[in-house]
Amino acid sequence: MRYYLVAGEASGDLHGANLMKALKVEDSAAEFRYYGGDKMKTEGGVLKKHYSEMAFMGFTEVLMNLRTIFRNMKACKADVLAYQPDVLILIDFPGFNLKIAEFAKANGIKVAYYISPKVWAWNQNRVLKIKKIVDRLFCILPFEVDFYKGWGMEVDYVGNPLLDEITQFIPDPDFKSKYQFNKEIIALLPGSRKQEIERLLPDMLSVTAAFPDQQFVVAAAPSFDEAYYQQFINTENVTLVFGQTYQLLHVAKAAIVASGTATLETALFHVPQVVVYRGGKISVAIARMLVKIRFISLVNLIMDRKVVTELIQEDCNTQQITATVKDLLHGEVRSTMLADYAELSKKMGTAGASERTAKLIISYLKGH
């Protein structure tokens, strides 16, 4: 069968690649065309547009890039229509993907949505639209099933694809010696988008002087080069590692993490963390008016209580990050967080999200 996938950011590329791999097991003649990234490209098919040309964060950033976004959307719609897939599989990225879903549905193309849009966070009425334009919705957060049920919508909980990735992870026994790491490691995960890195990395690095006995290691995104990161680094005990976030988390004592998927990955690796976020002033002011959730990190959202400290906007500063990291290295805060992580791991269930989703998509297409 012919599958058209749309992923608009790094995490979507990762989950899209795993889903493609699983679909090939179920359907050996599978053909793929997609908006995605390098990981999806390794699974074959035709990459139409790379996500690096598509990802814009925050209200103001989106407004400034509206022309590009509309151009991408128009091109995507035309390409989906020309390809006539058996199913369109949309991965997260709701601002873009819900428009594509609406178009596909109007043109008689079946729509599967993998990794539900986070409609529970704001403008929950969007569920009514999703009911009309999405044929099958696959959720990866345990609480989403009840949320959708409350709106009269049946969805599938398939488990979280991060568990698939983490289960496949093989630690490199030489990782520390390769980089000559001989101190406790504090991992810095500033995200993979330019806007995130430029807003958060300086705050993260501003605490290094307070930790002379620790080694700070930045999880650098492969889409940027070393020179790009070096402009932010002006102290001795900072190292860059590219594309090896899981190896880094495997050996880290604590972490400072940009809000997003990485907060959940860090928790599943049982690394005590502080979550930081800094957005454009207008974007954050609008978000504070609209957003209906108590927390921004996935760890706290899934547990429905505060497990990790979140430092947002003006709270994301040298003093508060330093104090929080000190608590993470030893003592009660650390041991409580590790106990909470154990509970979180149980809640998340088992690996196999990609396989479960692939099986459900195929059985839906075959009318079972």
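- Within the 3.5 Å criterion, the main-chain N or O of Ser259 finds no donor-acceptor partner in the side chain of Thr263.
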For Phe138 and Ile361: C-alpha separation, side-chain torsions, deciding distance, then whether side chain to side chain contact (heavy atoms under 4.5 Å, CB included) applies. CA-CA 10 Å; Phe138 305 104; Ile361 288 172; 3.7 Å; yes
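- The shortest distance between side-chain heavy atoms of Lys253 and Leu329 falls below 4.5 Å.
- For the residue pair Gly349 and Leu163, the shortest heavy atom distance occurs at O-CD1, 3.5 Å.
- In this structure, Arg305 pairs ionically with Asp340, as a charged nitrogen and a carboxylate oxygen lie closer than 4.0 Å.
- Using a 3.5 Å distance cut-off with no hydrogens or angles, the side chains of Gln244 and Tyr179 do pair a donor with an acceptor.
- Taking the six-membered ring for Trp and the full ring otherwise, Tyr51 and Phe96 have centroids separated by 6.0 Å or more.
- Salt bridge absent: Glu165 and Lys39 never bring a charged side-chain N and a carboxylate O closer than 4.0 Å.
- Considering every non-hydrogen atom in both Phe211 and Thr322, the closest pair reads CZ-O, 3.6 Å.
- Under the 4.0 Å criterion applied to side-chain N and carboxylate O atoms, Arg356 and Asp156 are not assigned as salt-bridge partners.
- The OG atom of Ser116 sits 12.5 Å away from atom OH of Tyr157, with the distance rounded to the nearest 0.5 Å.
- The distance from atom OG1 of Thr239 to atom CD of Gln180, rounded to the nearest 0.5 Å, is 9.5 Å.
- Without hydrogens or angle criteria, Gln84 side chain to Leu81 main chain gives a donor-acceptor distance under 3.5 Å.
- Annotation for Asn300 and Glu310: closest pair ND2-OE2, 3.0 Å, computed over non-hydrogen atoms.
- Here the side chain of Lys110 pairs no donor or acceptor atom with the backbone of Arg136 at under 3.5 angstrom.
- Using a 3.5 Å distance cut-off with no hydrogens or angles, the side chains of Gln273 and Tyr341 do pair a donor with an acceptor.
- Tracing side-chain contacts under 4.5 Å through hydrophobic residues (I, L, V, M, F, W, Y), one reaches Ile89 starting from Leu47; they form part of the same cluster.
- For the atom pair Arg199 CZ and Arg278 CZ, the distance stands at 9.5 Å (nearest 0.5 Å).
- Taking every heavy atom of both residues into account, Val80 and Pro85 meet most closely at O-CD, 3.4 Å.
- Connection of Val111 to Leu98 is established within a shared hydrophobic cluster, with ILVMFWY side chains joined at heavy-atom distances below 4.5 Å, either directly or through further cluster members.
- Annotation: side chain of Glu31 is in contact with side chain of Tyr83 (closest heavy-atom distance under 4.5 Å).
- The backbone N or O of Asn237 lies less than 3.5 Å from no partner atom in the side chain of Lys183, so there is not a single donor-acceptor pair.
- Taking the ring centroids of His250 and Phe175, they lie at or beyond the 6.0 Å cut-off.
- Using a 4.5 Å heavy-atom cutoff, the side chains of Tyr3 and Asp27 are in contact.
- Using a cut-off of 4.0 Å between Lys/Arg side-chain N and Asp/Glu carboxylate O, Lys41 and Asp13 are scored as not salt-bridged.
- Test Thr266, Val271, Leu264 against Leu268 for side chain to side chain contact (heavy atoms under 4.5 Å, CB included) and you get one pass: Leu264.
- Across all their heavy atoms, Met337 and Leu328 have their closest contact at CE-CD2, 3.4 Å.
- With rounding to the nearest 0.5 Å, the separation of OH in Tyr228 from CG in Leu240 is 12.0 Å.
- Using cut-offs of 30° and 60° on the angle between ring planes, the pair Phe269 and Tyr246 is tilted.
- Closest non-hydrogen pair, Gln247 versus Ile170, comes out as NE2-O, 3.0 Å.
- Just one residue in the list Ile312, Leu301, Val276 forms a side chain to side chain contact (heavy atoms under 4.5 Å, CB included) with Ile296, and that residue is Ile312.
- Between the side chain of Asn160 and the main chain of Leu162, a donor-acceptor pair closer than 3.5 Å is present.
- For the residue pair Glu53 and Tyr35, no side-chain donor N or O sits within less than 3.5 Å of a side-chain acceptor on the partner.
- Atom CG of Leu19 and atom CZ of Phe32 lie 7.5 Å apart (nearest 0.5 Å).
- For the atom pair NZ of Lys132 and CE of Met153, the computed distance is 12.5 Å after rounding to the nearest 0.5 Å.
- Hydrophobic clustering of Ile, Leu, Val, Met, Phe, Trp and Tyr side chains at less than 4.5 Å, counting indirect connections, unites Val299 with Phe143.
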Between Asp172 and Lys178, does the salt bridge (charged side-chain N to carboxylate O under 4.0 Å, His left out) criterion hold? Intermediate values first, please. CA-CA 10 Å; Asp172 175 2; Lys178 222 180 266 177; 2.7 Å; yes
